[in-house]
Amino acid sequence: MKYLLLIYGDESARREVPPDDPAVALKPWWEYQGWLQEKGWYIGGDALQPTATATTVRERDGKTLTTDGPFAETKEQLAGYYLIECENLDQAIEAASRIPAVDQGSIEVRPVMEIPDQPL
């Protein structure tokens, strides 16, 4: 089963502690990705740019509307994600519990809905 591990945190806190050496800051993340790959669970993942770079798209009365930034103000912002495939929720929770930023925010574990391909 596929799961999306959504990483939430306070992006203002991340800006307060800029790393002197990006390789040192990224090492736990590379190690985590390596662990997922060893387990055979890793499909993909990325960090996201700050919410200030986001554009929200809506449709109202048949018109497409765009606004800068996220739709709602929250204490924690979506910072990144991993897409994994494992046997069950327990394994997905194990994977979520090992994300390097788990102690600084929260990780939402969401099963991916399996939708069959449209027949040609």
Side-chain angles (χ1 to χ4, degrees):
M1 171 149 237
K2 290 181 186 172
Y3 293 90
L4 196 57
L5 309 179
L6 301 164
I7 304 165
Y8 289 92
D10 181 353
E11 67 184 22
S12 66
R14 283 197 319 256
R15 287 194 298 261
E16 292 171 10
V17 195
D20 293 332
D21 184 357
V24 171
L26 292 173
K27 186 174 188 251
W29 297 94
W30 293 330
E31 290 172 348
Y32 175 71
Q33 182 174 324
W35 176 80
L36 286 175
Q37 289 169 326
E38 287 173 15
K39 299 287 269 181
W41 296 349
Y42 181 80
I43 296 174
D46 281 300
L48 300 176
Q49 293 288 339
T51 55
T53 65
T55 301
T56 299
V57 179
R58 299 179 197 79
E59 183 178 320
R60 301 293 183 268
D61 299 321
K63 295 180 184 176
T64 300
L65 306 172
T66 62
T67 54
D68 292 339
F71 179 68
E73 293 293 322
T74 60
K75 289 183 180 182
E76 293 183 337
Q77 295 78 34
L78 181 60
Y81 68 93
Y82 284 95
L83 178 60
I84 64 170
E85 187 165 15
C86 53
E87 292 179 17
N88 54 47
L89 179 60
D90 289 337
Q91 289 180 345
I93 291 170
E94 177 186 359
S97 72
R98 291 175 172 249
I99 289 178
V102 70
D103 63 339
Q104 300 163 17
S106 61
I107 311 300
E108 181 179 350
V109 178
R110 296 272 300 269
V112 174
M113 188 178 295
E114 302 284 338
I115 299 174
D117 291 335
Q118 179 178 354
L120 298 175

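Under a cut-off of 6.0 angstrom, the local environment of CD in E59 is crowded, with over 12 non-hydrogen atoms contributed by other residues, nucleotides or ligands.
Under the 3.5 Å distance criterion, the side-chain polar atoms of E94 are left unmatched by any main-chain donor or acceptor of D90. The backbone N or O of K63 lies less than 3.5 Å from no partner atom in the side chain of D61, so there is not a single donor-acceptor pair. E85 places no side-chain N or O within donor-acceptor distance of the main-chain N or O of K2, the cut-off being under 3.5 Å. A distance-only check finds no donor-acceptor pair linking the side chain of Q49 to the backbone of A54 [under 3.5 Å].
Between E76 and S106, some side-chain heavy-atom pair lies under the 4.5 Å cut-off. Using a 4.5 Å cut-off on side-chain heavy atoms (C-beta onward), I7 and Y81 make no contact. Proximity of L6 to L78: side-chain heavy atoms (C-beta onward) are separated by under 4.5 Å at one or more points. Using a 4.5 Å heavy-atom threshold, the side chains of L36 and I84 count as touching. Within the 4.5 Å cutoff, the side chain of Q37 has no heavy atoms near those of the W35 side chain. Counting heavy atoms from C-beta on, the side chains of L83 and Y42 never come closer than 4.5 Å. Residues Q91 and W41 are in side-chain contact: their nearest non-hydrogen atoms beyond the backbone lie under 4.5 Å apart. In this structure the side chain of E11 reaches within 4.5 angstrom of the side chain of T51, judged on heavy atoms.
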Next on the checklist: Assess the residue pair Y8 and Q77 against the criterion (side-chain contact (heavy atoms from CB on, under 4.5 Å)); give the C-alpha distance rounded to whole Å, side-chain angles, the decisive distance to 0.1 Å, and a yes or no.
Outcome noted: CA-CA 5 Å; Y8 289 92; Q77 295 78 34; 5.9 Å; no
Checklist entry - Could you go step by step and tell me if L65 and V57 meet the side-chain contact (heavy atoms from CB on, under 4.5 Å) rule? => result CA-CA 6 Å; L65 306 172; V57 179; over 6 Å; no
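To the nearest 0.5 Å, the span separating OG1 on T64 from CZ on R58 amounts to 12.0 Å. Taken to the nearest 0.5 Å, the NZ atom of K39 stands 9.5 Å off from the CD atom of E87. Remark: I99 CD1 to I107 CD1 distance equals 4.0 Å, nearest 0.5 Å. In this structure, the separation between CG on L5 and CZ on R110 is 12.0 Å, given to the nearest 0.5 Å. Taken from OG in S97 to CG in D103, the straight-line distance is 11.5 Å, to the nearest 0.5 Å. In this structure, CD1 in I93 is found 14.0 Å from CZ in R98, a value given to the nearest 0.5 Å.
Taking every heavy atom of both residues into account, Y3 and N88 meet most closely at OH-C, 3.3 Å. Listed here is the closest heavy atom pair of P100 and P28: CG-O, 3.6 Å. Closest heavy-atom contact between C86 and A92: SG-N, 3.6 Å.
Aromatic pair Y32/Y82: ring centres closer than 6.0 Å.
In the hydrophobic cluster analysis, where Ile, Leu, Val, Met, Phe, Trp and Tyr join through side-chain heavy atoms closer than 4.5 angstrom, M1 is grouped apart from L4. L48 and I43 fall within the same hydrophobic cluster, defined by Ile, Leu, Val, Met, Phe, Trp and Tyr side-chain heavy atoms under 4.5 Å apart, directly or through other members.
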